[in-house]
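Note sheet for the following structure.
Throughout, numbering of the chain's residues begins at 1 and tracks the sequence. Because only heavy atoms are used, hydrogens play no part in the values below, and waters and symmetry mates are left out as well, while side chains stay in.
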Amino acid sequence: QLQLVESGGGLVQAGGSLRLSCVGSGKSLDYYNIGWFRQAPGQEREGVSCRTTFGRTTNSADSVKGRFTISKDNITNTVYLQMNSLTPEDTGVYYCAADWIPRPNGCVLEGGYQRWGQGTQVTVSS
């Protein structure tokens, strides 16, 4: 059974960078659409970035385009979220999630993922 574990969160100043990791166990993450989501206190969960199976396509929220990049390391079965030029508005708990429903039109940021990690906290100070 697929399990996801996130890491890499922390406290960073505005303008700084962090790289989040999502390690998959049980099966190669290439067989899943993988998404990164975040949730700030008192706010709804928001889709940040995603990639389809085997990284064929990616998609990102407008708020992070040009700043966040999703990628995958095939050797360690890890999906990364590289976050640059961070702002306080990027603060929240970040989750990775796996979706095994075929998405011929690309991965989705609205949700519908079946397996979730436990989350990692990102705090950006001003």
Side-chain angles (χ1 to χ4, degrees):
Q1 187 175 12
L2 177 68
Q3 291 186 330
L4 303 172
V5 178
E6 304 97 330
S7 63
L11 174 64
V12 64
Q13 289 187 333
S17 298
L18 282 175
R19 187 178 75 165
L20 305 184
S21 300
C22 174
V23 179
S25 62
K27 196 169 183 179
S28 170
L29 293 182
D30 273 335
Y31 292 102
Y32 303 89
N33 306 307
I34 300 296
W36 281 100
F37 296 80
R38 67 186 179 189
Q39 188 166 21
Q43 297 188 20
E44 294 186 354
R45 186 176 61 202
E46 172 191 21
V48 175
S49 188
C50 62
R51 69 190 294 272
T52 52
T53 56
F54 296 93
R56 292 177 292 110
T57 62
T58 61
N59 188 21
S60 294
D62 288 342
S63 59
V64 306
K65 281 181 179 176
R67 300 189 300 123
F68 291 11
T69 303
I70 189 169
S71 64
K72 181 179 179 290
D73 184 320
N74 292 328
I75 296 176
T76 61
N77 201 32
T78 302
V79 173
Y80 297 104
L81 184 68
Q82 177 67 44
M83 307 187 296
N84 300 326
S85 302
L86 286 162
T87 73
E89 288 69 37
D90 295 316
T91 294
V93 179
Y94 282 69
Y95 302 88
C96 69
D99 167 31
W100 50 75
I101 296 175
R103 305 286 183 183
N105 295 323
C107 56
V108 296
L109 295 174
E110 291 75 23
Y113 288 65
Q114 295 80 41
R115 186 80 72 217
W116 294 79
Q118 83 289 349
T120 184
Q121 176 71 45
V122 171
T123 303
V124 184
S125 63
S126 58

Pairs in or reaching into residues 59-100: which pass disulfide (SG to SG under 2.5 Å), with residues at least two apart or in two chains?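 The answer is Cys22-Cys96.
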Please collect all disulfide (SG to SG under 2.5 Å) contacts where either partner lies in residues 43-93, sequence neighbours excluded, each pair once.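 Pairs touching residues 43-93 that pass the test: Cys50-Cys107.
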Salt bridge (Lys or Arg N to Asp or Glu O under 4.0 Å) partners of residues 31-43, not counting sequence neighbours, each pair once: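 Applying salt bridge (Lys or Arg N to Asp or Glu O under 4.0 Å) to every pair that reaches into residues 31-43, excluding sequence neighbours, yields Arg38-Glu46, Arg38-Asp90.
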Hey, could you give me each pair passing salt bridge (Lys or Arg N to Asp or Glu O under 4.0 Å) that has a residue in residues 113-126? Not counting sequence neighbours.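 Qualifying pairs, neighbours excluded: none.
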For Lys27, which residues count as a salt bridge (charged side-chain N to carboxylate O under 4.0 Å, His left out) partner, sequence neighbours excluded?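 Checked Lys27 against salt bridge (charged side-chain N to carboxylate O under 4.0 Å, His left out); zero matches.
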For residues 102-126, which residue pairs pass the ring pair (Phe, Tyr, Trp, His ring centres under 6.0 Å) check, not counting sequence neighbours?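 Residue pairs passing ring pair (Phe, Tyr, Trp, His ring centres under 6.0 Å), neighbours aside: Phe37-Tyr113, Phe37-Trp116.
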Output every pair passing ring pair (Phe, Tyr, Trp, His ring centres under 6.0 Å) with a member in residues 74-110, not counting sequence neighbours, ordered by first then second residue.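 The answer is none; no pair qualifies.
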With sequence neighbours left out, write down each residue that passes side chain to side chain contact (heavy atoms under 4.5 Å, CB included) with Glu89, or none if nothing qualifies.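 Once residues adjacent in sequence are excluded, the partners of Glu89 under the side chain to side chain contact (heavy atoms under 4.5 Å, CB included) criterion are Thr87.
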Holding to side chain to side chain contact (heavy atoms under 4.5 Å, CB included), I want the full list of residues that pass it with Ile101, two or more places apart in sequence or in another chain.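 By the side chain to side chain contact (heavy atoms under 4.5 Å, CB included) rule, Ile101 matches Asp99, Arg103, Gln114.
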Do you know the tightest heavy-atom contact between Glu6 and Thr120?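 Answer, listing the atom of Glu6 first, then Thr120: CB-CG2, 4.0 Å.
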Residues clustered with Leu109, ILVMFWY side-chain links under 4.5 angstrom: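 Taking Ile, Leu, Val, Met, Phe, Trp and Tyr as members, Leu109 stands alone, with no cluster partners.
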Identify, with sequence neighbours excluded, every residue that meets side chain to side chain donor-acceptor pair (under 3.5 Å) alongside Thr78.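 Result, side chain to side chain donor-acceptor pair (under 3.5 Å) vs Thr78: Thr76.
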Please report the C-alpha distance between Lys72 and Asp30 in whole Å, then the side-chain angles of each, then the deciding distance to 0.1 Å, and finally whether the side chain to side chain contact (heavy atoms under 4.5 Å, CB included) criterion is met. CA-CA 9 Å; Lys72 181 179 179 290; Asp30 273 335; 3.3 Å; yes
Is it the case that over 12 heavy atoms from other parts of the model lie below 6.0 angstrom from the CZ atom of Phe54?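 Yes, CZ of Phe54 has more than 12 neighbouring heavy atoms, counting only those of other groups under 6.0 Å.
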Donor-acceptor contacts, no H, no angles, side chain residues 8-21, under 3.5 Å, sequence neighbours left out:
| unit_1 | atom_1 | unit_2 | atom_2 | d |
| --- | --- | --- | --- | --- |
| Ser17 | OG | Asn84 | OD1 | 2.9 |

